Structures are given as C-alpha cells and as structure tokens.
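Only one structure is covered here, and it is reproduced in the block below.
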Number of protein chains: 2
Amino acid sequence: MHDHCTGIANIMTTNKLDTLEPLGSLSMTDRVENSLRLYFTESGFKPGDSLPNEQEMAQKLNVSRNVVREALSRLRMLGMIEARPRRGMVIAQPDLLVGLEKVMNPSLLSQDNLKDVFELRLILEMGIAEFLFARKTEQDLNELEAIVASQNDARVVSKEEEIAFHGKLYEMTGNDTFKRFQTLLMPTFDHVFTGYYNQSKKIEIPNPVTHHDLFKILKTGTVEEFRKAMYTHLAVYFASIL
Amino acid sequence: MHDHCTGIANIMTTNKLDTLEPLGSLSMTDRVENSLRLYFTESGFKPGDSLPNEQEMAQKLNVSRNVVREALSRLRMLGMIEARPRRGMVIAQPDLLVGLEKVMNPSLLSQDNLKDVFELRLILEMGIAEFLFARKTEQDLNELEAIVASQNDARVVSKEEEIAFHGKLYEMTGNDTFKRFQTLLMPTFDHVFTGYYNQSKKIEIPNPVTHHDLFKILKTGTVEEFRKAMYTHLAVYFASIL
DNA sequence: ATCATTATATTTGTCCTACAAATAAATTTT
DNA sequence: AAAATTTATTTGTAGGACAAATATAATGAT
C-alpha cells in the first residue's frame with residue numbers, strides 16, 4: 001500500500017490541460033478528474049492503495065471540496081475508487097464496461113453509432129472461432145447441446161433462444177469481458193435490425209445454418225467450417241449492410 | 001424538443017432499486033444517477049431535449065442540489081448531457097467509449113481483465129475480414145501500400161508501424177467505433193504481451209506473414225486467404241494464450 | 001500476553017446558503 | 001424587421017455544518 005499524497009498539487013499545476021483551450025472549455029470538475037487519473041497513472045497506483053482525503057485534495061488543487069467530490073463521484077462510477085469512512089478513498093479495480101453499459105440507450109445514440117454497434121457484434125461473432133475450438137470442453141458441448149435441444153423450431157428463433165445459444169458460445173470463449181461486451185451489444189443490435197427489417201424487403205437465405213448446425217460443427221468440425229457456417233447463420237444481417 | 005419535467009419524482013419513488021439491498025448499499029448519488037438514466041430511457045429522450053433544472057430535480061427527488069450535481073457530473077462525463085446557462089441541461093449524444101478510455105490503465109486492471117483485453121484485440125482482428133473486402137477502395141489500398149512501403153524491415157516491426165498498418169485496416173472497415181475501440185486496446189495489448197514476452201521463451205513462427213503479405217492478399221486475394229494470413233501474422237500472440 | 005468489547009477519531013455523505021459566470025431570452029433601439 | 005442591449009435564469013463554485021459509517025485506539029476480561 002502506497003501513500004502518494006505529495007503528487008497531486010504538482011500534477012494540477014503542471015497539467016498540460018492548462019495550456020489548451022478546447023472548443024468547450026473545461027470545468028474545474030473536468031480538470032480535477034483529468035488530474036486525478038493522470039496522477040493515478042504516473043504514481044503507478046494499484047488496487048488497495050490509499051489516496052489523500054477530500055479536504056487535502058481540495059487544498060492542494062485550490063478548489064472547493066465540492067468540485068473534488070464531483071470528480072471523485074465520476075471515478076467512483078467507473079469503479080476506479082471506493083470510499084471508506086475514516087480511511088478515505090482507496091483505489092479499486094475499475095469496471096471496463098460500466099461506461100458502455102450506462103450509455104447503451106438506442107434513443108440517444110446517433111445513427112452512425114447504432115450502425116457501428118450492429119456491425120461490431122458481427123465482427124466479434126466472426127472472430128471467436130479459434131477461441132471456441134481451443135477452449136471447448138465436453139461439458140460446454142453438452143450444455144450447448146441441451147440449449148439447442150430445448151429450441152423447438154430451428155427456423156423461427158426467439159430472442160431468448162438467440163441469447164441463450166450465443167451467450168453460451170460467448171461463455172465458452174473463456175473471456176468474461178468479451179461475453180459481457182457482446183451481451184451489452186445484443187439489445188441494441190436487435191433494436192437496429194428490427195428497425196431495418198420493418199422497413200425493408202425480407203431477405204431469404206437459401207440454405208440457412210441453424211444453431212444445431214453450428215453445434216455439430218463445433219463438436220466435430222474445423223475452425224474454418226465453423227466460421228463459414230457462422231457467416232451463413234448471420235447472413236441475413238450481413239446482407240443488410242454489406 | 002420535449003419537456004418531460006413531470007416524470008422524475010415518480011421514477012425515484014417507484015424505483016425498483018429501493019427494494020434491493022446490494023452488497024454495498026447505494027449512495028444517494030448512485031440512486032439519482034440510476035433514476036435519471038431510467039428516466040431518460042422511459043421518456044424516450046433524444047439529443048437536444050431539455051431536462052428540468054437542478055433545483056427542480058433536487059426538490060422532486062427529495063435530495064440536496066449537491067447530490068443531483070454529483071449524479072449529473074457523471075452523466076456529463078459520459079457525454080449524455082450538456083449544461084447550458086439559463087437553459088439548463090440538455091440531452092446530448094453519448095460517447096460510447098469514453099468510460100472504457102478512462103479506465104484503460106494497466107496498473108489498475110486485474111490480470112483477468114488484462115488477459116481479456118489482450119484476447120479481445122485478437123478476436124476483433126480475426127473478425128474484420130468480411131468488412132475489409134466489402135469496403136476496400138482503390139484509395140484505401142493505395143494508402144495501405146504506401147504505409148507498407150514506408151516500413152523498412154518486415155521482420156522487425158515497430159509499435160508505430162504496427163499502429164499505422166493496423167490502424168489503416170481499422171479505418172478501412174468504415175466502422176469508427178471499431179477503429180476507436182481497437183486503438184484503445186492496443187497499448188494495453190502491448191503492455192500485456194511485453195510482460196509475457198519478457199518472461200517466456202521466444203516463439204518462432206516458421207513462415208511469418210508480413211504486413212506486405214496481408215496487403216497483397218487484401219488487394220487480390222480472398223476473404224478466407226486473408227483471414228488465414230492474419231492468423232499467421234498474429235500467431236505469436238495466439239501461441240501465447242491458446 | 002492475547003483476545004474481545006467498547007469508545008473515539010476520522011472521513012465520507014448529505015444538506016444548506018451564497019454569489020460569480022455564462023448564456024438564452026426579453027426588451028429596446030435603429 | 002433586424003440589430004443591439006439589458007435582464008433573467010441556470011449552472012459552477014465556494015464555504016460551512018453535521019450525521020453516518022467505519023478504522024483505529026483504548027479498555028476490560030481471560
């Protein structure tokens with residue numbers, strides 16, 4: 001546990017941000033937030049390390065405690081710090097995706113962003129084959145098979161069934177961040193496609209690939225076969241953008 | 001432009017969060033933040049819409065103005081709102097990746113998160129082939145060729161050269177969010193691999209694929225060939241995890 | 001001496017008041 | 001009607017106060 005309480009004032013006074021005048025000038029809260037993050041980086045803080053208390057930070061940065069609190073509130077939201085009565089602020093393990101999670105509201109996003117999210121899911125689906133084949137276990141395959149067996153009509157797949165099947169694939173990659181990321185993208189993906197689908201002609205795929213097909217290839221096929229099948233499985237989506 | 005000022009108090013009082021007692025109980029700031037985001041979603045707010053002023057929100061939510069300000073500060077950081085003197089808060093276009101950007105500090109991330117980030121870049125690299133082939137232009141290819149030509153030794157590629165080449169590929173996908181996301185991942189990817197590389201035996205790839213090879217395939221080859229080549233290009237990284 | 005219990009000190013969390021700064025809107029002038 | 005000026009409104013920042021929740025210190029029991 002480090003106590004790096006002497007660094008803040010230096011950071012704030014030498015902060016390069018003072019020499020830039022961006023389009024919207026920065027509030028004191030913005031400045032304090034930037035200073036604190038820079039301070040964390042330059043001091044090599046690790047989870048568990050203690051920070052100076054709010055009053056001390058306010059004094060060193062020549063701002064009121066309110067401004068410090070507003071900046072700290074932001075960092076708290078990102079999971080970068082935790083507050084302890086008497087002990088003060090402690091560095092914590094950030095949450096990589098909490099920011100994305102909080103802004104993922106289709107009403108607020110631009111058309112460009114919505115399109116980007118839609119495509120991002122497709123990029124990610126096409127990218128996981130190596131991981132699936134390298135990390136699949138007997139148990140994974142059994143569970144995936146059970147999911148597929150519980151899905152009645154392979155041609156008409158509900159959202160829940162999509163989420164169950166693909167969610168299991170994501171889990172099988174052994175990459176929690178990836179799983180969480182894809183899971184975050186799905187509702188918006190669906191929102192985008194629903195909007196598109198309602199406005200366009202129906203796209204027919206000659207030989208659609210089902211969840212069951214994907215399962216079989218994952219069980220006994222090759223990476224390349226799986227990826228090709230995944231592309232066909234997602235063809236209706238690819239056809240809407242490429 | 002909508003004025004939805006009657007919804008907030010209802011949201012706060014009926015907020016399901018009041019019935020849950022999570023491990024760490026929520027501060028008022030957390031609650032206000034959650035209420036506001038829910039309010040945005042349920043009211044279907046769009047960029048440009050006006051929000052009630054701080055004082056009014058504080059009254060309706062039965063909290064002090066400071067608490068409202070702390071919550072709003074968070075939303076401001078995410079780009080979801082902008083403040084205007086006299087006019088008040090206005091809904092804005094969120095920034096999908098600003099949260100990720102702010103927490104991407106390897107010292108703070110867990111080993112699991114670092115591994116996830118490392119792999120996520122690989123997943124994404126393997127997933128973009130379809131987009132590259134569908135969207136490449138003559139100009140893109142010329143620019144990519146110039147980048148490759150400026151890179152002297154195909155076997156010893158600097159970080160800057162990596163960023164230049166791969167960054168151009170990302171740009172060619174036509175997906176700005178993807179480009180920005182991958183660009184965010186690169187320093188941490190490098191940090192992870194540098195740590196691994198310094199601790200492990202050197203991995204030799206029998207027939208390494210260079211940037212120039214990738215360029216040629218992208219110009220005149222097929223999606224499958226490109227992806228296979230990309231896998232080989234990244235083989236040293238895949239070998240370190242799979 | 002060690003462990004458990006209690007008390008105290010410290011910091012955060014929330015509230016309040018005040019006023020400067022930056023517009024957006026209203027009013028006046030041309 | 002358009003431009004210039006003034007006013008009103010809201011945000012941004014400051015400072016003070018005190019309750020709540022521990023972390024730390026002190027005390028008591030074994």
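Not measured: the values here are computed from a predicted model. Sequence lines set the chain letters: A, B, ... in the order given, protein chains first and strands last, and positions in each chain run from 1.
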Between F45(B) and Y39(B), does the ring centre distance come in under 6.0 Å?
yes

In whole angstroms, the gap separating P of dG12(D) from CG of D30(A) amounts to 9 Å

K102(A)/E33(B) salt bridge by N-O under 4.0 Å criterion
yes

For L26(B) and dT14(C), what is the distance between atoms CG and C1' respectively, to the nearest whole Å?
16 Å

N62(B) atom CG is separated from dT14(C) atom C1', nearest whole Å, by 13 Å

In terms of ring plane angle, is the pair F193(A) and F118(A) parallel, tilted or perpendicular, where the classes change at 30° and 60°?
parallel

Hey, mind stepping through Y237(A) and F189(A) against ring pair (Phe, Tyr, Trp, His ring centres under 6.0 Å) and telling me if it holds?
CA-CA 10 Å; Y237(A) 305 123; F189(A) 178 89; 4.8 Å; yes

Could I get the full list of salt bridge (charged side-chain N to carboxylate O under 4.0 Å, His left out) partners for R121(B), not counting sequence neighbours?
E125(B)

To the nearest Å, how far apart are M57(A) CE and dG15(D) P?
17 Å

Taking all non-hydrogen atoms of both residues into account, name the closest pair between K115(B) and N175(A) and its distance.
O-ND2, 4.5 Å

Looking at T29(B), I'd like to know whether one of its side-chain N or O atoms comes within less than 4.0 Å of OP1 or OP2 on dT14(C).
yes

When you measure only distances, ignoring hydrogens and angles, does the side chain of R65(A) come within 3.5 Å of the base of dG13(C) through a donor and an acceptor?
yes

Quick check on dT11(D): is either OP1 or OP2 less than 4.0 Å from any side-chain nitrogen or oxygen of S27(A)?
no

Can you measure L51(B) atom CG to dA24(C) atom P for me and round it to whole angstrom units?
16 Å

Output a table of nitrogen or oxygen pairs between the protein and nucleotides 7-11 of chain C separated by less than 3.5 Å.
{"from": "dA9(C)", "atom 1": "O4'", "to": "R86(A)", "atom 2": "NH1", "distance (Å)": "3.4"}
{"from": "dA9(C)", "atom 1": "N3", "to": "R86(A)", "atom 2": "NH1", "distance (Å)": "3.1"}
{"from": "dT10(C)", "atom 1": "O2", "to": "R86(A)", "atom 2": "N", "distance (Å)": "3.4"}
{"from": "dT11(C)", "atom 1": "O4'", "to": "R86(A)", "atom 2": "N", "distance (Å)": "3.3"}

Check the distance between dG15(D)'s P and R69(A)'s CZ and give it to me in whole angstrom.
16 Å

In this structure, how many angstroms lie between the C1' atom of dG12(D) and the CD atom of E70(B), rounded?
14 Å

Residue whose nearest DNA chain D nucleotide is more 5′ - N66(B) or A83(B):
A83(B)

Centre-to-centre under 6.0 Å for Y170(A) and F181(A), is that the case here?
no

Quick one: E33(B) CD to dT14(C) P, roughly how many Å, whole number?
13 Å

